[in-house]
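All values derive from a computational prediction rather than experimental measurement. In the text below, chain A, chain B and the rest are named by the order of the sequence lines, each starting its count at 1.
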Amino acid sequence: MWGQGDEALGLIHQVKSSGMSPNVVSWTALVSGSSQNGSYRESLEFFSQMQREGIRPNSVTLSSLLRNCGGLSLLQKGKEIHSFSIKNGFIEDVFVATALIDMYCKSGNLKAAYEVFERIENKTLATWNCLIMGFAIYGLGKEVVSLFEQMLGADIIPDAITFTAVLSGCKNSGLVNEGWKYFDSMSSDYGIIPTIEHYSCMVDLLGRAGYLDEAWDFMQSMPLKPDATIWGALLGSCRIHKNIQLAEIASKKLFELEPYNSANYVLMLNLYAMFDRWGDVECIKDLMSDIGVKNGQVWSWVEIDQIIHVFCAGENHPDEGEIYYELYHLVSEMKKLGYKPDVKCVYQNIDDSEKEKVLLSHTEKLAITYGLIKSRSITPIRVIKNSRICPDCHTAAKYMSLVKNREIFLRDGSRFHHFSEGKCSCNDCW
DNA sequence: TTAGGGTTAG
């Protein structure tokens, strides 16, 4: 609704100049408005201003704030709000408690999310949905199915969001049979008409599991016209299963539907590079430059002692000497245990040793390594990346968790990964 | 006792 933070602030000033004083409700409207708009930082800034004006937050303000913390994976800030809520009696508010679950899930602390969940006496449908979605985005499909069954046992009637969460869980864990069962059940048992999101989950589920023909047939038979999310799901699956013919069909559609989304071009670049089709790689690059689509800025960040350290692709970091020293050492240890750099993830026509160097410079590797150097040895490392993790970094993170005996949470552009003891919660299904 | 609130995606 607000869109422009300055305009919203202008309203506050207008209220003031008319002799009235903005209260907690008007400030909360700004905090929640910008939060719902996805402007998390702006929302946090409104909150700071509200505090400077001496207005104390209430449960409504807190639930909006927690939404921001989740959106930005600001675990420490979220924990502060948690303790503030306990001290001030807001923890009994089911909106606050549900927002806490969401915040903990999105900040890489599922254990804390579950503890909050267990303590809520009056769990609502949204409370269950939050936790189920939380587990789903980590690829914990079996837990998702179990939670869903518990929810039914508690006489809570699922809605369309529940089924999006459950199907996402199945999709992120490769649970094809369960996915079909719940997809059929939503309309036959609960009268919920599947939306494009549910169909998208199913295409993704089938495609990622390797059933590309079935995914294609499903798309042809669905009553809705496939949109960019559906074609995107198919293209993603084509990349995993290296099906270049189908990928070309999907990408052609996507270039029409969303010509300025660089992710689709990058996927095709990746795929052509995998097959050493460098001429086609150049064609895609030319296409991007003709249309004027830019490869968006890639960055990763890691939070250490409440300070956020950002690693931008192509930019130097003040401590990079120390980081690369540690990373080279780490990679040699990883190689002893079987790690092989996946040079197919580099879509430049250079020799393999150069490709290995490019792989080392990926922002998620730098952020994880920085976390390993700078944080205490028992603290899990929490990294956020604004685009999808690369397959080599995914493998590397598993080995890093093993070599360093550390838990690593990584939230990427589309989902979450929890690396521990050489494995990932997604079971490599992503 | 009213405003402002928590859950959906490749």
> Rounded to the nearest Å, what distance is computed from the OH atom of residue A:Tyr138 to the P atom of nucleotide B:dA9?
Replying inline: 13 Å

> Of the options A:Ile368, A:Ile389, A:Asp412, A:Thr363, which is the one that meets A:Val383 in a side-chain contact (heavy atoms from CB on, under 4.5 Å)?
Replying inline: A:Ile368

>> Taking any heavy-atom pair under 4.0 Å as a contact, classify A:Asp159: base, sugar-phosphate, or nothing.
In response: nothing

> With sugar-phosphate meaning primed atoms plus P, OP1 and OP2, does A:Ala97 contact a base, only sugar-phosphate, or nothing at under 4.0 Å between heavy atoms?
Replying inline: nothing

>> Here's a test for you: under side chain to side chain donor-acceptor pair (under 3.5 Å), which of A:Thr124, A:Asp93, A:Thr127 qualifies with A:Thr98?
In response: A:Thr127

> Atom CG of A:Leu234 and atom C1' of B:dA9: how far apart are they, to the nearest Å?
Replying inline: 16 Å

> Any N or O donor-acceptor pair linking the side chain of A:Asp93 to the base of B:dG5 at under 3.5 Å?
Replying inline: yes

> Minimum heavy-atom separation for A:Arg388 to A:Lys385, with atom names?
Replying inline: O-NZ, 3.0 Å

> How is A:Arg208 classified with respect to the nucleic acid when contacts are heavy atoms under 4.0 Å: base, sugar-phosphate, or nothing?
Replying inline: sugar-phosphate

>> Among A:Lys344, A:Lys365, A:Lys398, exactly one meets salt bridge (Lys or Arg N to Asp or Glu O under 4.0 Å) together with A:Asp392. Which residue is that?
In response: A:Lys365

> Over how many whole Å does the gap from A:Phe90 atom CZ to B:dG6 atom C1' extend?
Replying inline: 15 Å

> So which of residues 247-261 of chain A are in contact with DNA chain B, with a heavy-atom cut-off of under 4.0 Å?
Replying inline: A:Leu254, A:Glu258, A:Asn261

> Nearest of B:dG5, B:dG6, B:dA9 to any side-chain atom of A:Ala126?
Replying inline: B:dG6

>> B:dG6, OP1 or OP2 - any side-chain N/O from A:Gln36 closer than 4.0 Å?
In response: yes

> Rounded to whole angstroms, how far apart are CD1 on A:Ile137 and P on B:dT7?
Replying inline: 12 Å

> A:Glu197 side chain: which of B:dG5, B:dA9, B:dG4 is closest?
Replying inline: B:dA9

>> Between C1' on B:dG6 and CG on A:Asp102, what's the gap in Å once rounded to a whole number?
In response: 7 Å

> Of the candidate nucleotides B:dG6, B:dT7, B:dA9, which contains the atom at the shortest distance from the side chain of A:Met133?
Replying inline: B:dA9

> Which part of the nucleic acid, if any, lies within contact of A:Ser59, taking any heavy atom under 4.0 Å across all strands shown: a base, the sugar-phosphate backbone alone, or nothing?
Replying inline: base

>> Determine whether a donor-acceptor pair (one donor, one acceptor, N or O, separation below 3.5 Å) exists between the side chain of A:Ser63 and the base of B:dG5.
In response: yes

>> Using a distance-only criterion (donor-acceptor N/O pair, under 3.5 Å, no hydrogens), is the base of B:dG4 paired with the side chain of A:Ser64?
In response: no

> How would you label the contact of A:Thr162 with the nucleic acid (heavy atoms, under 4.0 Å): base, sugar-phosphate, or nothing?
Replying inline: nothing

>> Pair A:Glu303, A:Arg382 - check side chain to side chain contact (heavy atoms under 4.5 Å, CB included), show working.
In response: CA-CA 7 Å; A:Glu303 186 182 326; A:Arg382 294 187 165 84; 5.9 Å; no

> Does A:Lys123 make a cation-pi contact with A:Phe117, if we ask for NZ or CZ under 6.0 Å from the ring centre and within 45° of the axis?
Replying inline: yes

> Tell me: CZ of A:Phe163 to P of B:dA9, nearest whole Å?
Replying inline: 16 Å

>> Is it the case that the base of B:dG6 and the side chain of A:Thr127 share a donor-acceptor contact (distance under 3.5 Å, atom types as modelled)?
In response: yes

>> Any base atoms under 4.0 Å from A:Arg415, or only sugar-phosphate, or nothing? Heavy atoms, all strands.
In response: nothing

> Are more than 12 heavy atoms from other residues, nucleotides or ligands located less than 6.0 Å from atom CZ of A:Phe275?
Replying inline: yes

> Under 5.5 Å between ring centres and under 30° between planes: true for A:Phe95 and the base of B:dG6?
Replying inline: no

>> So, applying ring pair (Phe, Tyr, Trp, His ring centres under 6.0 Å) with A:Phe163, which one of A:Tyr199, A:Tyr182, A:Phe148 is it?
In response: A:Phe148

>> Between P on B:dT8 and CZ on A:Phe183, what's the gap in Å once rounded to a whole number?
In response: 20 Å

> Would you call the rings of A:Phe409 and A:His418 parallel, tilted or perpendicular, where under 30° means parallel and over 60° means perpendicular?
Replying inline: parallel

>> Categorize A:Val94 for me: base, sugar-phosphate, or nothing, with a 4.0 angstrom heavy-atom threshold over every strand shown.
In response: base

>> At 4.0 Å (heavy atoms only), tell me whether A:Lys106 reaches a base, stays on the sugar-phosphate, or touches nothing.
In response: sugar-phosphate

>> I need the CZ-C1' distance between A:Arg67 and B:dT8, as an integer number of Å.
In response: 11 Å

